[in-house]
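This report concerns only the one structure given below.
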Amino acid sequence: MIEKIQSNLVRILEDLYGDSHLNIDELKINLQENNDKKHGDLASNIALILAKPLKKNPQEIANSIKDSFITDEEITKIEVAGPGFINFFLSTKTHSEVLNEISAKKELFGKSETKNQNVLIEYVSSNPTGPLHVGHGRGAAFGSVLGALLKEAGFKVDEEYYVNDFGRQMNILAASLWLRYAQLFNESITMIENGYQGEYLISIAEKLKEDHSDKFYRNYDSIVELLKTEIQDDEIFTDSVVVAIQSALENDFNFLRDFALQAILELIKRDLLDFGVEHNFWFSESSLYDIKENKINQVDLAIEDLKSRGFVYEKENALWFKSSEFGDDKDRVLKRGNGEYTYFASDVAYHSKKYDRGYDRVINIWGSDHHGYTPRVQAAMEATNRDPEKLEIVYIQFANLLRAGKKVTMSTRSGEFITLRELMDEVTTEAARFFYINRKADQHLDFDLDLAKDQSKDNPLYYIQYAHARICSVLKKSNAQIMDLERADLTLLDTEKEIEIQKTLNQYPALIERAAKSSEPHLLCYYLKDLSGLFHSYYNSEKFIIEDKKLMASRLFLLKGVKQVLVNGLSILGIKAPEEM
RNA sequence: GCCCCGUUAGCUCAGUCGGAUAGAGCGCUGGAUUCCUAAUCCAGAGGCCAUAGGUUCAAAUCCUGUACGGGGCACCA
């Protein structure tokens, strides 16, 4: 309908003003939906925009357009109002077309044609040194819903988890595992302060003992002595313990590292799966350091590339990238004085590969604390002739948990964090997903645990699901399946509430498109709440199982449309629509 | 110091490409159930859209300054 009016407007403008200097093709003809019924269903501001270039009174232009516009049974009336708006009034038949469309397309209503574009979304990517906690949950929920939205909007989507399985933290993890393991044989051995303190590592150590008995336990006096050192809370001390364990275990150290890594990845994968999140790629950071037949690893390759372009220099034994030449605050280290690569070096290689894998869009979902990191990554892309604009970064703000109105305190350091698993157990997976999404991503989120468990309309998810259950109940009681709803007379749907519901249903495809385009899944939550609210209001004002079978059929057909859109929207959020509650 | 994000009803927050009289929920006040799920609905009160300028026919929305709040600025990951 919008397209029809637009093309009519273009034709009229060509007739009226085609000979002036106007470039009609370049005009954006906006049609907006009106909030106020007095102004009709759709409005165009075209006359206001043309007033200046045509040097004419906007109302005069609007009236000429109005006079040329031919009304029909779909567009019943046109009015010029206010400073020069052109208002269009649609017939009830036009409003109800959406119901036939939903009935025909079913779960495909809202799905766009394929855009023939590939998108890579990278998200969660938490360090594989412990289970996911509630801070990761928001990114996980966001990423998976954005993925679903993009698929709905016609993109081919790959979802990737970047596994930071390389470097110092992995060695600390391996050392922590060995200490936990050794404790199973010798209780006097203490855990180091900067090690991974969480209980999950004790379970992994027990598993290690189960599988390999005391194979890795030898009484290393030097390590025990070292652990008695006064200064525990110190990075240098931590490293010296790691080195001691590493040199004592020799090759077994690598085995322990992989053992811990695999066990933790298992935990993470299971948590994500239960949370309704499924990545189809798991990209290992350490694979970037594998030496293949060309005898140079991906990271060195990326560094060499930068070097050959003249953007790398050496200072104080370290290798620096001239990111400041591309808008970064200062230059960044790629390889440290001690010969170790920085995390940034991996990221240069990783992002270069992402580009080279041939995606049209590359989306990173990062915690908002990483925003300062963006300029250097984009600088590396720009320096190697890759379009930095292609990399879209969405920042996710932290979430606070509220219990009884008070913030729940957490500390990652001591291991006193609430895991995603605990959150799912407490409020259900679906509530957790909904509440994570129900807020603009770049804003702080106060996650109210009590509200998420509440079973009343205060809880927006409950409110939406209840709307669906109510519709199911009515359809069931009415024996809707024995009626020929497709043939219902939809012109009977002419009350204010019925028109508004149909208009809202009609907005759904555009909403999906917009939410996908701007990476704003929260819009879907708000939409579903609105639609549910309209339904509940309608439900209370009208009866559906009534004597007048024709009216009954048309109303039930409307309810079926609402039901379908609720199902479609909830399914994008990864949430079920229960038939009974 | 520099860089992000924010400031909209008492509270928590939406607000599309700049459009006509600014939206929801909670809370508050008052109502609705012999009837399809009251797990719901209806009505009312409640606003200087932080602030000062600018652009525009038109600004909560775009631009600049200021104030206040949150976050970030490693040879960490």
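What you see is a predicted model; the values in this text were computed from it and never measured. Note: hydrogens, waters and symmetry copies are ignored here, and every other heavy atom, side chains too, is used. Lettering of chains follows the sequences in order, A, B, ..., and the numbering in each one begins at 1.
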**Message:** Tell me every residue that passes side-chain contact (heavy atoms from CB on, under 4.5 Å) with A:S352, counting only those two or more places apart in sequence or in another chain.
**Reply:**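 A:S352: side-chain contact (heavy atoms from CB on, under 4.5 Å) contacts with A:V348, A:M381, A:R386.
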**Message:** The test is side chain to side chain contact (heavy atoms under 4.5 Å, CB included); show your working for A:Y17 and A:I61 and say whether it passes.
**Reply:** CA-CA 10 Å; A:Y17 308 112; A:I61 300 170; 3.5 Å; yes
I'd like to know if the side chain of [X] reaches the main chain of [Y], judged simply by a donor and an acceptor atom lying under 3.5 Å from each other, with no hydrogens or angles considered.
X	Y	answer
A:N459	A:L451	yes
A:N364	A:W366	no
A:S125	A:Y162	yes
A:Y161	A:S126	yes
A:S473	A:A469	no
A:R433	A:L573	yes

May I ask you to say whether [X] pairs ionically with [Y], meaning some side-chain N is under 4.0 Å from a carboxylate O?
X	Y	result
A:R168	A:D239	yes
A:K503	A:E33	no
A:K354	A:E122	yes

Between the protein and nucleotides 33-35 of chain B, which nitrogen or oxygen pairs come in under 3.5 angstrom?
from	atom 1	to	atom 2	distance (Å)
B:C35	O2'	A:K543	NZ	2.8

**Item:** Nearest-Å distance for atom pair CG/P, residues A:N35 and B:G15
**Value:**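 Roughly 14 Å, once rounded to whole Å.
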Please work out if [X] contacts a base, only the sugar-phosphate, or nothing of the nucleic acid, heavy-atom cut-off 4.0 Å.
X	result
A:A510	nothing
A:D36	base
A:Y395	nothing
A:A467	nothing
A:E542	base
A:N87	base
A:N34	base

**Asked** Quantified in whole Å, what is the P atom distance between nucleotide B:A45 and nucleotide B:U7?
**Response**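 Straight-line distance between the two P atoms is 27 Å.
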**Message:** Suppose you measure atom P in B:G65 against the same atom in B:G47; what distance do you get, rounded to whole Å?
**Reply:**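 Going atom to atom, P in each nucleotide, I get 32 Å.
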Please give the nucleotide sitting opposite [N] as a Watson-Crick or G-U wobble pair, both distances under 3.5 Å, or none.
N	value
B:A39	none
B:A67	B:U7
B:C28	B:G44
B:A58	none

**Request:** Would you check if A:M581 and A:H468 make a side-chain contact, meaning some heavy-atom pair closer than 4.5 Å?
**Result:**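 A:M581 does not reach A:H468 side chain to side chain.
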**Request:** Could you check A:D454 against A:Y462 for side chain to side chain contact (heavy atoms under 4.5 Å, CB included), going step by step and ending with a plain yes or no?
**Result:** CA-CA 8 Å; A:D454 189 28; A:Y462 230 84; over 6 Å; no
**Request:** Show your reasoning for whether side chain to side chain contact (heavy atoms under 4.5 Å, CB included) applies to A:L559 and A:Y538.
**Result:** CA-CA 10 Å; A:L559 292 199; A:Y538 182 47; 4.0 Å; yes
Strictly under 3.5 Å: I want the nitrogen or oxygen pairs between protein and nucleotides 55-63 of chain B, one per line.
from	atom 1	to	atom 2	distance (Å)
B:C57	OP1	A:K52	NZ	2.9

**Message:** Does the protein touch nucleotides 5-14 of chain B at the base, only the backbone, or not at all? Give it as B, S and - per nucleotide, heavy atoms under 4.0 Å.
**Reply:** SS------SS
**Message:** One character per nucleotide, please: for nucleotides 72-77 of chain B, 5' to 3', B when the base has a protein heavy atom closer than 4.0 Å, S when only the sugar-phosphate does, - otherwise.
**Reply:** S-SBSB
Which donor-acceptor pairs under 3.5 Å do the side chains of residues 520-528 of chain A make with protein atoms, sequence neighbours left out?
from	atom 1	to	atom 2	distance (Å)
A:E520	OE1	A:S518	OG	3.1
A:Y527	OH	A:T504	O	2.7

**Message:** Looking at A:D458 and B:A39, is any side-chain donor or acceptor paired with a base atom of the opposite kind under 3.5 Å?
**Reply:**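 No such pair is found, so the answer is no.
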**Request:** Indicate syn or anti for B:C17, taking the glycosidic torsion and treating anything within 90° of 0 as syn.
**Result:**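 Because its glycosidic torsion lies within 90° of 0, B:C17 adopts the syn conformation.
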**Item:** Under-4.0 Å side-chain N/O to phosphate OP1/OP2 contact, A:S473 with B:U37
**Value:**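 Result: yes.
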